[in-house]
2 protein chains.
Amino acid sequence: MPTNWLDVEQQRAWRAYIVGTTLLLERLDRDLRESHGLSLPEYEILVRLSEAPERRLRMAEIADSVKNSRSRITHTVARMERAGLVDRVQCTSDGRGVYAHLTDTGHQRLVDAAPCHVASVRAALIDVVAKDELAALTRVFTAVADGLSPGTRDPILTAVSS
Amino acid sequence: MPTNWLDVEQQRAWRAYIVGTTLLLERLDRDLRESHGLSLPEYEILVRLSEAPERRLRMAEIADSVKNSRSRITHTVARMERAGLVDRVQCTSDGRGVYAHLTDTGHQRLVDAAPCHVASVRAALIDVVAKDELAALTRVFTAVADGLSPGTRDPILTAVSS
DNA sequence: TGAACTTAGTTGAAGCCTAAACTATTCCGG
DNA sequence: CCGGAATAGTTTAGGCTTCAACTAAGTTCA
């Protein structure tokens with residue numbers, strides 16, 4: 001079967017996307033690190049934990065929600081525990097299970113970092129695109145995620161309420 | 001100044017984007033590795049070199065075009081050289097300069113990998129998105145890249161010809 | 001009950017990336 | 001021409017990620 005190459009428009013879209021994403025993720029990570037000593041992956045975990053009932057989640061739930069491997073979550077949570085951002089709590093109902101639980105310190109760290117992070121996201125992405133382009137972005141990446149990981153959508157991506 | 005938080009639509013867009021991007025980049029990288037033993041960053045470098053005059057670029061040109069640090073390019077090109085994909089050639093006009101030059105092996109490797117990679121990009125992104133959404137994607141990330149790295153746009157992103 | 005299988009999570013080694021310091025060369029002003 | 005500043009690229013160490021192998025606990029089914 002001959003390759004169905006990308007046409008010029010598609011190639012432009014693809015390259016713009018990788019280049020923009022490389023710059024964007026690097027910037028957000030750097031801003032968080034410099035101002036609050038958090039990496040972007042750590043920040044994302046803090047957010048998920050802060051939104052969870054009792055501020056805790058099973059390791060696998062974290063892994064699923066941020067789309068990282070379990071191994072990676074183990075390592076990252078271990079670092080966060082060393083930094084006092086989370087506790088690890090044995091799950092009583094499942095002897096294999098472990099909860100990562102947001103500490104007060106961790107919560108405060110998130111509260112401190114959030115305004116700065118939101119400002120970065122706005123400055124670099126949200127505020128430089130039109131409303132309808134943002135809507136297109138949502139559709140595009142919802143479709144992408146659904147194609148690559150069907151049936152595991154973030155609740156916020158389907159419900160309108162926070 | 002009170003934080004200008006993201007509204008629900010903006011939050012949906014942002015989360016869809018990170019989650020989708022995490023899955024997408026991971027998938028493309030994995031596909032390339034498994035089928036052709038290349039990482040996505042390596043593949044991108046091969047593409048840039050293959051398009052360059054005489055199939056060679058200065059280290060800094062590579063770094064700029066893929067938006068990676070020079071240090072990272074040094075490391076990545078060193079690995080690629082070990083793998084026989086590129087040569088390193090001392091620049092005659094500037095004693096400090098080094099060219100990375102695509103070898104025949106490297107070019108063949110790219111030719112072999114390209115159809116597979118394009119198929120992955122199509123399956124995961126291009127073919128799951130409408131034409132106008134793709135155009136929006138281009139606009140969004142061109143704006144993002146321009147905001148974060150003004151004045152260093154990829155030629156393909158401004159010219160219509162390949 | 002118990003053997004096989006699955007799931008949750010961890011571990012350790014190897015590879016990749018970052019940051020900062022470093023070498024070598026070129027550029028610029030006097 | 002010289003000295004200082006800037007540029008090109010490399011190096012090294014340390015941190016992060018991946019991979020494969022591993023432990024431990026739960027599940028299934030005869």
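Proteins get letters first, then strands, A, B, ... in listed order; numbering begins at 1 in each.
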With sequence neighbours left out, write down each residue that passes side-chain contact (heavy atoms from CB on, under 4.5 Å) with A/V47, or none if nothing qualifies. A/Y43, A/E51, A/L110, B/R15
Side-chain N or O of B/R70 less than 4.0 angstrom from OP1 or OP2 on D/dT10? no
B/R109 meets the salt bridge (Lys or Arg N to Asp or Glu O under 4.0 Å) criterion, sequence neighbours left out, with none
Residue set satisfying salt bridge (Lys or Arg N to Asp or Glu O under 4.0 Å) with B/R96, at least two apart, ordered chain then number -> B/D94
At under 4.0 Å between heavy atoms, which parts of nucleotides 13-24 of chain D does protein reach? Answer with one letter per nucleotide, 5' to 3': B base, S sugar-phosphate only, - none. ---SBBB----B
Contacts of B/T74 and A/S93 projected onto DNA chain D by closest heavy atom; the upstream (5') one is B/T74
Show me, pair by pair, the donor-acceptor contacts under 3.5 angstrom made by side chains of residues 77-84 of chain A, not counting sequence neighbours?
| from | atom 1 | to | atom 2 | distance (Å) |
| --- | --- | --- | --- | --- |
| A/R79 | NH2 | A/T76 | OG1 | 3.2 |

Short question: side chain of B/Q108, backbone of B/T105 - any donor-acceptor pair under 3.5 Å? no
Donor-acceptor under 3.5 Å (B/S149 side chain, B/A145 main chain): no
Which whole-number value in Å describes the distance from [X] [atom1] to [N] [atom2]?
X     : N      : atom1 : atom2 : answer
B/L38 : C/dC16 : CG    : P     : 12 Å
B/D64 : D/dT7  : CG    : C1'   : 12 Å
A/E34 : C/dT18 : CD    : P     : 13 Å
A/I62 : C/dT10 : CD1   : P     : 10 Å
B/R82 : C/dA14 : CZ    : P     : 15 Å
B/R88 : D/dG9  : CZ    : P     : 9 Å
A/R58 : C/dT7  : CZ    : P     : 14 Å
A/E81 : C/dG9  : CD    : C1'   : 14 Å

In the single-linkage hydrophobic clustering (I, L, V, M, F, W, Y; side-chain heavy atoms under 4.5 Å), do A/L46 and A/V89 co-cluster? no
Residue B/D104 excluded, over 12 heavy atoms near CG under 6.0 Å: no
Atom pairs, N/O to N/O, protein against nucleotides 1-5 of chain C, distance under 3.5 Å?
none

Do you know the tightest heavy-atom contact between B/T74 and B/M59? CA-CE, 3.8 Å
